Amino acid sequence: MLHLKPQLIDIMLQKENEASLLGADAEPVEYFIPFLMMQRLPDDQAIRNELHNFVFIHATEEHIRSIVDSDWNRGARLRMYHYRNHEGQPIKVSSSEMQLLRETIQSRQLKFFFGHAIDEMTVGDTVCVQMAPWVGKKGTITKMAVKKGKLNMTVRIDIADNQWSVNFTDVKEGDVIFDDASKERLLSGNLLKNFEKEMVEILDNKYCRKVSELEAHRDTSRVTRMYGYSEISIDNPDDQKRFTALMLLCAYLLHDAEARDAYTSQLREWLGENTEAASATDAYLMLVLFVVTRNPIFRDAVKRYRKSHPDDCPDIIRQLLKKVKELKAKKVKGER
């Protein structure tokens, strides 16, 4: 059921129940109004916005019809009415689904969104959720983001004749099962390190080893798989820059010229006019720019950074520098 003011409908249903206890021609009604519970969850503002108008009533169809057609509802300026599916039929929610929704709303680990994804970006992987209370439910990932080092994942799930998008926070290995096991390995645990490890292996095959045509095709598939997650956001600024640099490598390896140019411009903007790597992140970006542009200024700056930071140069920079050492630099005049 739907009503624009859930607090008001709570008062009216309470009166309905009081009348039944006094012996009037009415039966007590069991109901659940999410908004009243959400008022006790101040951190879950997003939930409050999405389910503000919902009222769940547990009763026979005849009893629900009598409530909708009651004098107090028909005479109200704001009436309660059925929420219907695409065929125009009132939506029925099973007891198990109702319990699932209650637990979801109560949980501090889950934020709940009704009917649509958080934004228009669709990742599209099909997964089977292993996190309570949604264990065994299958759905489609619509968004992923890394916040404070934890992977958040929004999954759109079909339930109660509609699609419900649930944002699972701090997703760990085994919390969701992917149809594609290779994607599960890529996204489980430390996402950025997984992507870096994958890219190091791909660059090793491309620049340091002679691989078969079949292996090269598999590597293209691996790059395509990583590139499919280009919209993942990471709240740590340095990690986001490194991830963007990895997406530049993907665009470069897949010959996506438009995206390559856009990513290249972004990395150059972050570096500004610097010709020396002032940080490990700078060195990381410069190394990727060298692969894409073959401008020796970038490679030489990374080498100087590694030499001046013998103890704290990140291992990933050493690995990447080793994989691309055979790349020939282009002669570039003036411009970086």
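Remember, predicted model here, so these are calculated numbers, not experimental data.
Between Leu253 and Met199, some side-chain heavy-atom pair lies under the 4.5 Å cut-off. By the 4.5 Å heavy-atom criterion applied to side chains, Lys323 and Val200 are counted as neighbours. With contacts defined as side-chain heavy-atom distances shorter than 4.5 Å, the pair Leu192/Val146 does not qualify. Taking 4.5 Å as the limit, some side-chain heavy atom of Arg209 sits within range of a side-chain heavy atom of Glu215. No side-chain heavy atom of Tyr305 sits less than 4.5 Å from a side-chain heavy atom of Asp282. Between Met226 and Leu246 there is no side-chain heavy-atom pair separated by less than 4.5 Å. The shortest distance between side-chain heavy atoms of Val166 and Val155 does not fall below 4.5 Å.
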(request) Show your working on side-chain contact (heavy atoms from CB on, under 4.5 Å) between Lys206 and Asp219 and close with a plain yes or no. (result) CA-CA 9 Å; Lys206 185 172 182 64; Asp219 280 348; over 6 Å; no

(message) Go through it in stages, so that I can follow the logic: the residues are Glu196 and Gln319, the test is side-chain contact (heavy atoms from CB on, under 4.5 Å), and I'd like the CA-CA distance, side-chain angles, deciding distance and then a yes or no.
(response) CA-CA 10 Å; Glu196 289 175 339; Gln319 291 183 53; over 6 Å; no

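Between Ala301 and Met286, the closest heavy-atom pair is CB-SD, 3.6 Å. Heavy atoms only, all atoms of each residue included: Ile317 and Ala283 are closest at CD1-CB, 3.7 Å. For Val324 against Phe290, the heavy-atom pair with the smallest separation is O-CE2, 4.1 Å. The shortest non-hydrogen separation linking His309 to Arg318 is O-NH2, 3.6 Å. In terms of heavy-atom proximity, Cys208 sits nearest to Lys322 at SG-O, 4.3 Å. Heavy-atom minimum distance, Phe243 versus Tyr229: CZ-O, 3.4 Å.
Side-chain atoms of Thr154 and Asn167 form a donor-acceptor pair, as typed in the model, at a separation below 3.5 Å.
Checked by atom type and distance alone, the side chain of Asn205 never pairs as donor or acceptor with a backbone atom of Lys210 at under 3.5 Å. In this structure a side-chain-to-backbone donor-acceptor pair under 3.5 Å is missing from Asp175 to Val171. Checked by atom type and distance alone, the side chain of Tyr252 never pairs as donor or acceptor with a backbone atom of Arg260 at under 3.5 Å.
Ionic pairing of Arg242 and Asp239 is present here: one or more N-O contacts between side-chain nitrogen and carboxylate oxygen are shorter than 4.0 angstrom. Ion pairing of Lys147 with Asp235 is absent here, as no side-chain N (NZ or NE/NH1/NH2) approaches a carboxylate O to less than 4.0 Å.
In summary, of the residues considered (Val291, Asp256, Leu289), a side chain to side chain contact (heavy atoms under 4.5 Å, CB included) with Leu248 occurs for Leu289 alone. Screening Val223, Thr224, Ile202 for a side chain to side chain contact (heavy atoms under 4.5 Å, CB included) with Cys250, the sole residue that qualifies is Val223.
The line from CG of Leu267 to CE of Met247 is 12.0 Å long, rounded to the nearest 0.5 Å. If you take CD on Glu62 and CD1 on Ile64, they are separated by 11.0 Å, rounding to the nearest 0.5 Å. Summarising the geometry, atom OG belonging to Ser308 is positioned 8.5 Å from atom CD belonging to Glu276; distances are rounded to the nearest 0.5 Å. Met144 contributes atom CE, which lies 11.0 Å from atom CG of Asn152 (distance to the nearest 0.5 angstrom). In this structure, the separation between CZ on Arg304 and CZ on Arg299 is 10.5 Å, given to the nearest 0.5 Å. Note that CG of Asn190 is 12.0 Å distant from NZ of Lys197, once rounded to the nearest 0.5 Å.
Under a hydrophobic clustering in which Ile, Leu, Val, Met, Phe, Trp and Tyr are joined whenever their side-chain heavy atoms come within less than 4.5 Å, directly or via other members, Val292 and Tyr207 fall into the same cluster.
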